[in-house]
Amino acid sequence: GNSVTQMEGPVTLSEEAFLTINCTYTATGYPSLFWYVQYPGEGLQLLLKATKADDKGSNKGFEATYRKETTSFHLEKGSVQVSDSAVYFCALSRSGGGADGLTFGKGTHLIIQP
Amino acid sequence: EAQVTQNPRYLITVTGKKLTVTCSQNMNHEYMSWYRQDPGLGLRQIYYSMNVEVTDKGDVPEGYKVSRKEKRNFPLILESPSPNQTSLYFCASSPLGLAAFNEQFFGPGTRLTVL
(Lines give C-alpha, C1' and ligand atoms only; values in the text may rest on other atoms or scores of the structure.)
Protein backbone atom coordinates (compact mmCIF):
# COMPACT_ATOMS: atom_id res chain seq x y z
CA GLY A 1 0.00 0.00 0.00
CA ASN A 2 0.87 3.66 0.02
CA SER A 3 3.08 5.10 2.72
CA VAL A 4 5.11 8.20 3.51
CA THR A 5 8.20 8.27 5.71
CA GLN A 6 9.64 11.48 7.09
CA MET A 7 11.97 12.43 9.93
CA GLU A 8 9.91 13.12 13.03
CA GLY A 9 12.10 15.48 15.00
CA PRO A 10 11.90 17.75 16.72
CA VAL A 11 14.37 19.44 14.44
CA THR A 12 15.94 22.48 16.11
CA LEU A 13 17.81 25.06 14.04
CA SER A 14 19.08 28.57 14.49
CA GLU A 15 17.60 31.42 12.51
CA GLU A 16 19.08 31.75 8.99
CA ALA A 17 20.22 28.11 8.94
CA PHE A 18 19.63 25.85 5.93
CA LEU A 19 16.73 23.45 6.30
CA THR A 20 16.20 19.99 4.86
CA ILE A 21 13.34 17.73 5.90
CA ASN A 22 13.55 14.34 4.24
CA CYS A 23 10.50 12.61 2.81
CA THR A 24 10.36 9.31 0.96
CA TYR A 25 7.31 7.49 -0.26
CA THR A 26 5.95 4.17 -1.45
CA ALA A 27 3.06 4.25 -3.85
CA THR A 28 1.46 2.53 -6.78
CA GLY A 29 0.94 4.54 -9.90
CA TYR A 30 1.89 8.17 -10.15
CA PRO A 31 0.77 10.09 -7.09
CA SER A 32 0.92 13.83 -6.58
CA LEU A 33 3.11 14.92 -3.67
CA PHE A 34 2.43 17.65 -1.15
CA TRP A 35 3.93 19.44 1.81
CA TYR A 36 1.47 20.79 4.36
CA VAL A 37 2.33 23.00 7.33
CA GLN A 38 0.53 23.18 10.66
CA TYR A 39 1.13 26.21 12.87
CA PRO A 40 0.35 25.87 16.59
CA GLY A 41 -3.39 25.58 17.24
CA GLU A 42 -4.33 25.70 13.58
CA GLY A 43 -5.38 23.37 10.80
CA LEU A 44 -3.11 22.28 7.99
CA GLN A 45 -2.27 24.60 5.11
CA LEU A 46 -0.85 23.60 1.76
CA LEU A 47 2.76 24.75 1.48
CA LEU A 48 3.63 23.38 -1.96
CA LYS A 49 2.90 20.53 -4.32
CA ALA A 50 4.23 18.66 -7.35
CA THR A 51 2.09 16.56 -9.64
CA LYS A 52 4.63 14.69 -11.78
CA ALA A 53 8.22 13.51 -11.79
CA ASP A 54 10.89 16.25 -11.84
CA ASP A 55 8.35 18.94 -10.97
CA LYS A 56 9.57 21.45 -8.41
CA GLY A 57 7.07 22.95 -6.01
CA SER A 58 7.95 26.22 -4.31
CA ASN A 59 6.35 28.72 -1.95
CA LYS A 60 7.51 31.19 0.72
CA GLY A 61 11.15 30.27 0.09
CA PHE A 62 10.51 26.54 0.50
CA GLU A 63 11.22 24.11 -2.35
CA ALA A 64 10.79 20.41 -3.02
CA THR A 65 11.46 18.36 -6.15
CA TYR A 66 9.52 15.22 -7.10
CA ARG A 67 12.21 12.57 -7.58
CA LYS A 68 10.69 9.39 -8.95
CA GLU A 69 14.00 7.52 -9.20
CA THR A 70 14.62 7.91 -5.47
CA THR A 71 10.91 8.13 -4.49
CA SER A 72 11.65 11.29 -2.54
CA PHE A 73 10.23 14.77 -2.03
CA HIS A 74 12.61 16.50 0.36
CA LEU A 75 11.67 19.95 1.67
CA GLU A 76 14.38 22.65 1.65
CA LYS A 77 14.72 26.28 2.60
CA GLY A 78 17.87 28.33 2.35
CA SER A 79 17.42 30.55 5.40
CA VAL A 80 14.80 29.76 8.01
CA GLN A 81 13.05 32.26 10.25
CA VAL A 82 11.52 31.95 13.71
CA SER A 83 8.10 32.22 12.05
CA ASP A 84 8.79 28.93 10.21
CA SER A 85 8.45 27.03 13.48
CA ALA A 86 5.63 24.56 12.87
CA VAL A 87 4.89 20.92 12.11
CA TYR A 88 5.49 19.91 8.48
CA PHE A 89 3.68 17.00 6.84
CA CYS A 90 4.66 15.27 3.65
CA ALA A 91 1.72 13.65 1.86
CA LEU A 92 0.85 11.82 -1.30
CA SER A 93 -2.42 11.60 -3.11
CA ARG A 94 -4.19 8.39 -3.88
CA SER A 95 -7.03 8.08 -6.26
CA GLY A 96 -8.96 5.32 -7.88
CA GLY A 97 -9.48 1.73 -6.85
CA GLY A 98 -12.05 2.81 -4.32
CA ALA A 99 -9.80 5.17 -2.43
CA ASP A 100 -9.37 8.89 -2.62
CA GLY A 101 -7.53 11.23 -0.32
CA LEU A 102 -4.15 11.93 1.15
CA THR A 103 -1.70 9.61 2.89
CA PHE A 104 0.36 11.61 5.38
CA GLY A 105 3.71 11.11 7.00
CA LYS A 106 3.87 11.40 10.76
CA GLY A 107 4.96 15.02 10.68
CA THR A 108 8.21 16.82 11.49
CA HIS A 109 8.21 19.34 14.31
CA LEU A 110 10.52 22.22 13.38
CA ILE A 111 11.77 24.66 16.01
CA ILE A 112 13.70 27.74 14.93
CA GLN A 113 15.62 29.56 17.64
CA PRO A 114 16.52 33.26 17.33
CA GLU B 1 -14.13 34.50 3.54
CA ALA B 2 -13.59 31.04 2.03
CA GLN B 3 -13.28 28.58 4.84
CA VAL B 4 -14.02 25.22 6.41
CA THR B 5 -15.66 25.46 9.81
CA GLN B 6 -15.98 22.80 12.47
CA ASN B 7 -18.03 22.69 15.63
CA PRO B 8 -17.40 22.23 18.42
CA ARG B 9 -13.71 23.07 18.64
CA TYR B 10 -13.33 21.25 21.94
CA LEU B 11 -15.46 18.49 23.41
CA ILE B 12 -15.16 16.30 26.48
CA THR B 13 -17.66 13.46 26.68
CA VAL B 14 -18.14 10.06 28.26
CA THR B 15 -18.05 6.59 26.79
CA GLY B 16 -21.20 5.64 24.91
CA LYS B 17 -22.78 9.08 24.62
CA LYS B 18 -23.57 9.74 20.96
CA LEU B 19 -22.07 12.90 19.50
CA THR B 20 -21.84 14.74 16.21
CA VAL B 21 -19.06 17.00 14.99
CA THR B 22 -20.25 19.32 12.27
CA CYS B 23 -18.25 20.44 9.25
CA SER B 24 -19.30 23.07 6.76
CA GLN B 25 -17.54 24.65 3.77
CA ASN B 26 -18.59 27.73 1.81
CA MET B 27 -16.49 27.13 -1.31
CA ASN B 28 -18.95 24.91 -3.21
CA HIS B 29 -16.44 22.06 -3.07
CA GLU B 30 -17.51 18.61 -4.21
CA TYR B 31 -15.01 16.63 -2.16
CA MET B 32 -14.97 16.50 1.64
CA SER B 33 -13.08 14.31 4.07
CA TRP B 34 -12.49 13.61 7.75
CA TYR B 35 -9.09 12.86 9.28
CA ARG B 36 -7.92 12.15 12.77
CA GLN B 37 -4.52 13.22 14.05
CA ASP B 38 -2.75 11.26 16.77
CA PRO B 39 0.76 11.72 18.17
CA GLY B 40 3.29 9.61 16.32
CA LEU B 41 0.73 8.55 13.72
CA GLY B 42 0.19 11.70 11.68
CA LEU B 43 -3.19 12.16 10.01
CA ARG B 44 -5.31 9.21 8.97
CA GLN B 45 -8.40 9.40 6.81
CA ILE B 46 -11.69 8.29 8.36
CA TYR B 47 -14.28 8.84 5.61
CA TYR B 48 -14.56 10.88 2.47
CA SER B 49 -17.27 12.04 0.12
CA MET B 50 -16.92 12.72 -3.59
CA ASN B 51 -20.30 14.44 -3.82
CA VAL B 52 -23.77 14.64 -2.28
CA GLU B 53 -25.05 11.23 -1.17
CA VAL B 54 -21.70 9.58 -2.04
CA THR B 55 -19.51 8.54 0.89
CA ASP B 56 -16.68 6.00 1.22
CA LYS B 57 -14.49 4.58 3.93
CA GLY B 58 -10.96 5.78 4.47
CA ASP B 59 -8.24 4.02 6.43
CA VAL B 60 -9.82 4.05 9.90
CA PRO B 61 -13.64 4.12 9.56
CA GLU B 62 -14.52 1.81 12.47
CA GLY B 63 -16.72 3.49 15.06
CA TYR B 64 -17.63 6.45 12.84
CA LYS B 65 -20.49 7.38 10.53
CA VAL B 66 -20.89 10.24 8.10
CA SER B 67 -23.59 11.65 5.87
CA ARG B 68 -23.61 14.04 2.92
CA LYS B 69 -27.14 15.30 2.42
CA GLU B 70 -26.03 18.75 1.28
CA LYS B 71 -22.95 19.80 -0.62
CA ARG B 72 -21.70 22.17 2.07
CA ASN B 73 -22.07 19.91 5.14
CA PHE B 74 -20.31 16.69 6.12
CA PRO B 75 -20.99 15.77 9.77
CA LEU B 76 -19.00 13.11 11.61
CA ILE B 77 -21.07 10.94 13.93
CA LEU B 78 -19.79 8.83 16.79
CA GLU B 79 -22.71 6.58 17.79
CA SER B 80 -20.99 5.13 20.86
CA PRO B 81 -17.70 6.89 21.53
CA SER B 82 -14.88 5.04 23.23
CA PRO B 83 -11.63 6.33 24.82
CA ASN B 84 -9.58 5.21 21.79
CA GLN B 85 -11.44 7.82 19.76
CA THR B 86 -9.86 10.58 21.81
CA SER B 87 -8.07 12.53 19.12
CA LEU B 88 -7.79 15.75 17.12
CA TYR B 89 -10.20 15.67 14.17
CA PHE B 90 -9.89 17.64 10.96
CA CYS B 91 -12.42 18.15 8.21
CA ALA B 92 -11.13 19.04 4.74
CA SER B 93 -12.61 19.93 1.37
CA SER B 94 -11.34 20.08 -2.19
CA PRO B 95 -12.71 21.69 -5.37
CA LEU B 96 -13.10 18.62 -7.55
CA GLY B 97 -14.24 15.08 -7.06
CA LEU B 98 -10.73 13.70 -7.41
CA ALA B 99 -8.47 14.99 -4.68
CA ALA B 100 -5.39 13.62 -6.40
CA PHE B 101 -4.19 16.87 -7.90
CA ASN B 102 -6.00 19.40 -5.81
CA GLU B 103 -5.25 21.21 -2.64
CA GLN B 104 -7.35 20.19 0.33
CA PHE B 105 -8.54 23.01 2.59
CA PHE B 106 -8.59 22.08 6.25
CA GLY B 107 -10.79 23.23 9.08
CA PRO B 108 -9.33 24.39 12.41
CA GLY B 109 -9.77 21.02 14.12
CA THR B 110 -11.92 19.55 16.89
CA ARG B 111 -10.20 18.21 19.97
CA LEU B 112 -12.28 15.34 21.35
CA THR B 113 -11.71 13.65 24.70
CA VAL B 114 -13.71 10.54 25.56
CA LEU B 115 -13.59 9.59 29.24
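Just so you know, these numbers use all the heavy atoms, side chains as well, and skip hydrogens, waters and symmetry mates. All values reported here derive from a predicted model rather than from experimental measurement. Chain identifiers are assigned alphabetically (A, B, ...) following the order of the sequence lines, protein sequences preceding nucleic acid strands; residue numbering begins at 1 within each chain.
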Heavy-atom proximity to chain A below 4.5 Å, by part of Gln6(B): neither
Lys49(A)/Glu103(B) salt bridge by N-O under 4.0 Å criterion: no
Ion pair check, Asp38(B) and Arg44(B), cut-off under 4.0 Å: yes
Among the listed options Glu8(A), Glu42(A), Gln38(A), the residue most often paired with chain B at heavy-atom distances under 4.5 Å: Gln38(A)
Check: Asp54(A) main-chain N/O paired with Thr65(A) side-chain donor or acceptor under 3.5 Å: no
Option from Phe106(B), Phe90(B), Tyr89(B) for which ring pair (Phe, Tyr, Trp, His ring centres under 6.0 Å) with Tyr35(B) holds: Phe106(B)
Between Ser33(B), Pro108(B), Pro39(B), Ala92(B), the one whose heavy-atom pairs under 4.5 Å with chain A are most numerous: Pro108(B)
